[in-house]
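Here's the structure we're looking at; comments come further down.
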Amino acid sequence: MMLRTAAARLASTPAATRAFASASAAPAGVSFVLSETQREFQELARKFAAEEIIPKAAHHDRTGEFPKEIIKKAWELGLVNIHIPEAYGGLGLGVFDGALISEELAFGCTGVQTAIEANGLAQAPVILAGNDAQKKKYLGRMTEEPLMASYGVTEPGAGSDVAGLKTRAVKKGDKYVINGGKQWITSAGHANWFFVLARTAEDPKTPAGKAFTGFIVDADSPGITLGRKEINMGQRASDTRAVTFEDVVVPAENVLGKEGEGFKIAMGAFDITRPLVAAAAVGLARRCLHEAATYATQRKTMGTAIINHQAVSFMLADMAMGIEASRLLVWRSAEMRDRGERNTYYASAAKCMAADVANKCAADAVQVFGGAGFNTEYPVEKLYRDAKIFQIYEGTSQIQRVILSKFIADQYKA
Amino acid sequence: MSSKIRVLVGVKRVIDYNVKIAVRADKSWVETANVKHSVNPFDEIAIEEAVRAKEAGHVAEVVAVSAGPPKAQETLRTALAMGADRAIHIEIPDGAEKTLEPLAVAKLLKKVAENEKVDLIVLGKQAIDDDANQTGQMLAGLLNWPQGTFASKLDILTADKSLAVTREIDGGLQTVSAALPAVVTADLRLNVPRFASLPNIMKAKKKPLAKTTPADLGVDIAPRIEIIKVEEPPKRQGGGRVADVDELISKLRTEAKVI
C-alpha cells in the first residue's frame with residue numbers, strides 16, 4: 001500500500017501542475033523560440049539599453065541622480081507601463097513580453113530598470129483589482145505623461161512579515177484616514193500616486209487574509225511626508241525612501257476591491273512581478289558574463305589570454321549555466337501566467353534562483369577581473385553592488401523557499 | 001497648394017555592424033549562419049529621412065522595398081515600424097543574396113519605382129557588406145533621373161517639384177538642385193534614425209507587406225561577376241625601428257613595397 005502511494009507520487013507531474021493546473025488547455029507541445037514580434041521587442045529594448053542606458057549608468061550610480069531623461073525616452077518608446085490594458089492607453093502586454101524587455105533593460109543597468117519596473121509593481125494591484133473608474137483615473141494618466149507610481153507595503157517593522165503591518169486605515173464616513181510609516185519605497189520621491197497596504201481590521205486576531213485593505217493614494221495628499229533618498233549599496237539610480245502618513249485622508253472610492261481584500265491583492269501582484277524581477281536578475285547575470293568573458297579574452301597572464309585558463313573559463317561556464325536555467329524558469333513562470341494558469345510556484349522558483357545566480361555571477365565577474373574588479377574604473381564592482389538586492393526585495397530568497405516548501409509539503413501531505 | 005510626393009525607400013539586410021566577420025572555411029564567402037543581421041545603417045537613415053518628410057507634410061506615402069532572401073522580411077518590418085506605410089519584398093532564394101549585384105538591384109528598383117509611380121527614391125549610399133556605392137547611381141542612370149548622392153541634408157520643395165541636396169564631397173559640402181523625380185542616397189550625417197517604438201512595432205504587423213519575385217518583375221538578376229575567393233586581410237605585422245630616414249625609405253621600397 002505504502003509502495004504504491006510512493007510510486008504514484010514519483011510518477012506524478014511536477015507539484016504546481018498537479019495541484020494548481022487550471023482548466024485552460026495546454027498549447028500543443030513546448031517551444032523556446034521567440035516569435036518575430038517578441039524578437040523585435042527584445043531588439044528594441046536591447047538597442048535602447050545599449051544607446052541610452054549603458055552610456056549614462058555609471059553617472060547615475062555615482063551621483064544617485066534619478067534617471068528622469070532615460071525614463072522619459074523609454075516611456076516615449078512604449079517601454080514603460082507595458083501591462084496597462086489597451087482600454088486605458090497601454091499596450092496590454094503580458095508577463096512574457098515584459099520579461100524579455102526587463103532582461104534587456106537590466107543588462108544596461110538594474111538601477112534604471114528598477115525605477116521603470118516599479119511602475120509595473122504599483123500598477124499590478126490596480127490592473128488586478130481596480131474598477132473601471134480607478135483604472136481610467138490612475139492607469140490612464142500613466143500613459144498620457146511619463147509619471148511614476150510606487151508600491152507602498154514594506155514598513156520598518158514589517159518586510160517579510162507582511163501580516164505584521166502597522167499602518168492603519170480607519171473608516172470615517174465615506175473616507176479612510178491612514179496613519180503609519182512605510183520604508184524602502186521605490187520611486188517614492190517621484191511618485192504621482194502610491195498603492196498602499198494598510199490594516200483595516202480592528203481586532204488583532206483577524207487573519208491576514210482579511211485584515212488589510214489596498215488603497216490608491218495620491219502623492220499630493222496632505223499628511224504625506226517623504227524621507228530623504230536612501231543611499232543604498234547598489235541600484236543607486238533608483239529612488240528609495242521612507243514615507244510617513246499622518247492623518248492622510250483617502251476617499252472610499254480609492255479602495256481596491258473590497259475592504260479586507262488587500263493582502264490577497266498585494267500577494268496576487270507578485271505572480272506578475274516576481275517573474276519580471278527575476279528577468280532583471282537574469283539581465284544582470286548576463287551582463288556579468290559579458291563583461292567577464294570580454295575581459296578574459298583580452299587579459300593575458302602566463303603567456304595566454306586568461307579565458308584559456310580553466311579556472312577562469314569554468315567560472316564563465318558556471319555563469320552561463322545559471323543564466324540559461326534561471327531564464328527558462330522566468331520564461332515558464334511568465335508564460336503560465338499569460339495563459340491564465342496559476343504560476344506562484346514557478347514565479348517563486350524563478351525569483352529565488354535568478355537572484356542567487358545573479359549574485360554568484362557578479363562575485364565571479366569581480367574575481368575574473370582580479371584587482372581591477374574591485375576598482376570603480378571597471379564595470380563589475382557596480383554589478384556586484386547591484387546584485388545583492390535581488391535576494392532581498394520582491395520577497396527574500398528565504399521567503400521564496402518558504403513558499404516552495406509549503407507547496408511541496410502540501411503536495412506530499414499524508 | 002503643393003501636392004504630396006510618393007517616396008520609395010530601398011533597404012538591405014546585412015550582417016550587423018557589431019559582428020566580427022569570419023570567413024567560411026572553404027573561402028567561398030563570409031559566415032552568415034547564426035550571425036546577427038540587421039538593416040543596413042545607411043538604409044535606416046534613408047527610412048528616417050522619408051518618414052520625417054512625411055511628418056513634415058511633403059509625402060503622401062512611403063513605400064519600403066527590399067530585394068533579398070526570405071529573412072529580408074525582418075528589415076521591411078523594421079522599416080514599417082519606423083513609419084513606412086507599405087512594404088514590398090522582392091524575394092530571392094536563401095543564399096542568392098551573395099551574388100545579387102548593384103546593377104540587378106537597380107533594375108529591380110526601377111521596375112518597382114515605375115509600378116509605384118514614385119517621385120523620389122531614397123537609398124543608403126552603400127551597403128556595409130559590399131561597400132559598392134553603385135545602386136543609387138545606376139538606378140538614376142537607368143531611370144534617367146537626376147541624383148543627389150552622399151546627402152547630408154535634403155530639402156523637398158514640393159511647390160517647385162524639386163530638391164535641394166547638400167552632398168558631402170571630398171572638398172567639403174556641395175549643394176545641388178534636382179528636379180523631381182530624383183534619386184537621393186543617404187550619408188551618415190543626414191539624420192539620426194529613431195528607435196521603432198513598441199506601439200509602432202505592433203502597428204507594423206498590420207501594415208501591408210507584398211511579395212514579388214525578380215521573375216514577376218521581368219528582371220534578369222544573373223550575376224556578371226564571379227566570386228573566386230574570399231579571404232581575410234593579411235594579419236597585421238609587427239612594426240620595427242629604423243635608424244634614419246634613408247633606412248626608412250629603403251624599407252618602404254624593398255620590404256613594405258609601397259613606394
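Letters A, B, ... mirror the listed sequences (proteins, then strands); counts begin at 1.
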Does atom [atom1] ([X]) have a neighbourhood of more than 12 heavy atoms from anything else shown, all under 6.0 Å?
{"X": "A:R299", "atom1": "CZ", "value": "no"}
{"X": "B:K211", "atom1": "NZ", "value": "yes"}
{"X": "B:Q237", "atom1": "CD", "value": "no"}

Can you name the closest pair of heavy atoms from B:P199 and A:G78 and give their distance?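 The answer is CD-CA, 4.0 Å.
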Interatomic spacing from [atom1] in [X] to [atom2] in [Y] - rounded to 0.5 Å:
{"X": "B:M202", "Y": "A:L91", "atom1": "CE", "atom2": "CG", "result": "5.0 Å"}
{"X": "A:R39", "Y": "B:I201", "atom1": "CZ", "atom2": "CD1", "result": "12.0 Å"}
{"X": "A:L79", "Y": "B:S197", "atom1": "CG", "atom2": "OG", "result": "8.5 Å"}
{"X": "A:L77", "Y": "B:R194", "atom1": "CG", "atom2": "CZ", "result": "10.5 Å"}

Could you tell me whether A:E43 and B:K36 make a salt bridge, using a distance below 4.0 angstrom between a side-chain N and a carboxylate O?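 Salt bridge present between A:E43 and B:K36.
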Which atoms of A:E40 come close to chain B, meaning under 4.5 Å heavy atom to heavy atom: side chain ones, backbone ones, both, or neither?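 Interface part for A:E40: both.
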Using a cut-off of under 4.5 Å on heavy-atom pairs, state which of A:E52, A:E76, A:K47, A:K73 scores highest against chain B.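 Among the listed options, the one with the most contacts to chain B is A:K47.
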Should B:L198 and A:D97 count as side-chain neighbours, where that means a heavy-atom distance under 4.5 Å?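 Contact flag for B:L198/A:D97 side chains = no.
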